[in-house]
Amino acid sequence: MPGPWKDARGVTVTTTPTIEGKPIQDYLGIVTGEVIVGANLFRDLFANIRDIVGGRSGSYERILRDAREQAIEELQAEAASRGGNAVVGVDLDYEVIGDTGSMLMVSASGTAVKV
């Protein structure tokens, strides 16, 4: 079933070093996926209001979720291009970048393997 942890090509993604019941046959190298998203003036305004009155910022949460899923999709595509069907040991990182901190980078890295 396709989703953020297994795509249509059957590339499984996990933060664990192995996949239970599926021995690793071949290590294919480190794969990465990076997504950089810019902040939006109106979204920032509404997020600031939300911070004042309390609650969660749904718009920022959606942006983070979408960026994370895109980074994982890049990992899966790179693993598939190397002949892999899984990525193990995945690490997700979030960084604020830019002179004014107006951009967010989501990066995912792991080891492409054949199980």
Side-chain angles (χ1 to χ4, degrees):
M1 174 172 160
W5 301 106
K6 188 169 188 177
D7 70 357
R9 294 176 294 257
V11 178
T12 301
V13 175
T14 181
T15 58
T16 60
T18 61
I19 300 173
E20 189 173 343
K22 296 186 177 189
I24 294 174
Q25 298 171 357
D26 197 12
Y27 289 87
L28 305 169
I30 296 171
V31 290
T32 61
E34 296 92 12
V35 176
I36 298 175
V37 292
N40 175 302
L41 177 64
F42 294 109
R43 190 171 39 235
D44 285 346
L45 176 63
F46 290 118
N48 288 335
I49 291 170
R50 175 83 55 180
D51 286 343
I52 293 168
V53 298
R56 294 168 59 168
S57 175
S59 60
Y60 276 122
E61 288 175 359
R62 277 189 299 281
I63 291 167
L64 282 173
R65 182 177 45 252
D66 292 346
R68 180 182 62 244
E69 288 176 3
Q70 289 173 18
I72 291 169
E73 287 171 8
E74 285 185 14
L75 269 183
Q76 290 167 313
E78 189 174 344
S81 74
R82 294 181 184 201
N85 60 0
V87 182
V88 297
V90 172
D91 179 50
L92 296 169
D93 290 309
Y94 301 85
E95 274 306 313
V96 175
I97 59 174
D99 292 339
T100 61
S102 63
M103 302 188 87
L104 175 72
M105 179 177 74
V106 179
S107 63
S109 61
T111 303
V113 297
K114 180 88 171 156
V115 295

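Heavy-atom basis, side chains included; hydrogens, waters and symmetry copies ignored.
For the residue pair Val37 and Ala67, the shortest heavy atom distance occurs at CG1-CB, 4.3 Å. Smallest separation of non-hydrogen atoms from Ala86 and Ala79: O-CB, 4.3 Å.
Distance alone, capped at 3.5 Å, is enough to place a donor-acceptor pair between the Thr16 side chain and the Thr18 backbone. A distance-only check finds no donor-acceptor pair linking the side chain of Asn85 to the backbone of Gly10 [under 3.5 Å]. The closest donor-acceptor contact from the side chain of Arg68 to the backbone of Ala108 lies at 3.5 Å or more, if one exists at all.
Linking ILVMFWY side-chain heavy atoms closer than 4.5 Å, directly or via other members, places Ile24 and Ile30 in two distinct hydrophobic clusters. In the hydrophobic clustering of ILVMFWY residues, with side-chain heavy atoms under 4.5 Å counting as a link, Leu28 and Val88 come out apart. Linking ILVMFWY residues whenever their side-chain heavy atoms come closer than 4.5 Å, directly or via other members, places Leu92 and Val31 in the same cluster. Ile72 and Val11 fall within the same hydrophobic cluster, defined by Ile, Leu, Val, Met, Phe, Trp and Tyr side-chain heavy atoms under 4.5 Å apart, directly or through other members. Val90 and Val113 sit in two unconnected hydrophobic clusters of ILVMFWY residues. Membership requires side-chain heavy atoms under 4.5 Å apart, directly or through other members.
For the atom pair CD1 (Ile36) and CG (Leu104), the distance works out to 9.0 Å, reported to the nearest 0.5 Å. Distance check, rounded to the nearest 0.5 Å: OG1 of Thr14 to CD of Glu20 gives 10.5 Å. The CD atom of Glu34 sits 8.5 Å away from atom OG of Ser109, with the distance rounded to the nearest 0.5 Å.
The side-chain heavy atoms of Val35 and Glu74, taken from C-beta on, include a pair separated by under 4.5 Å.
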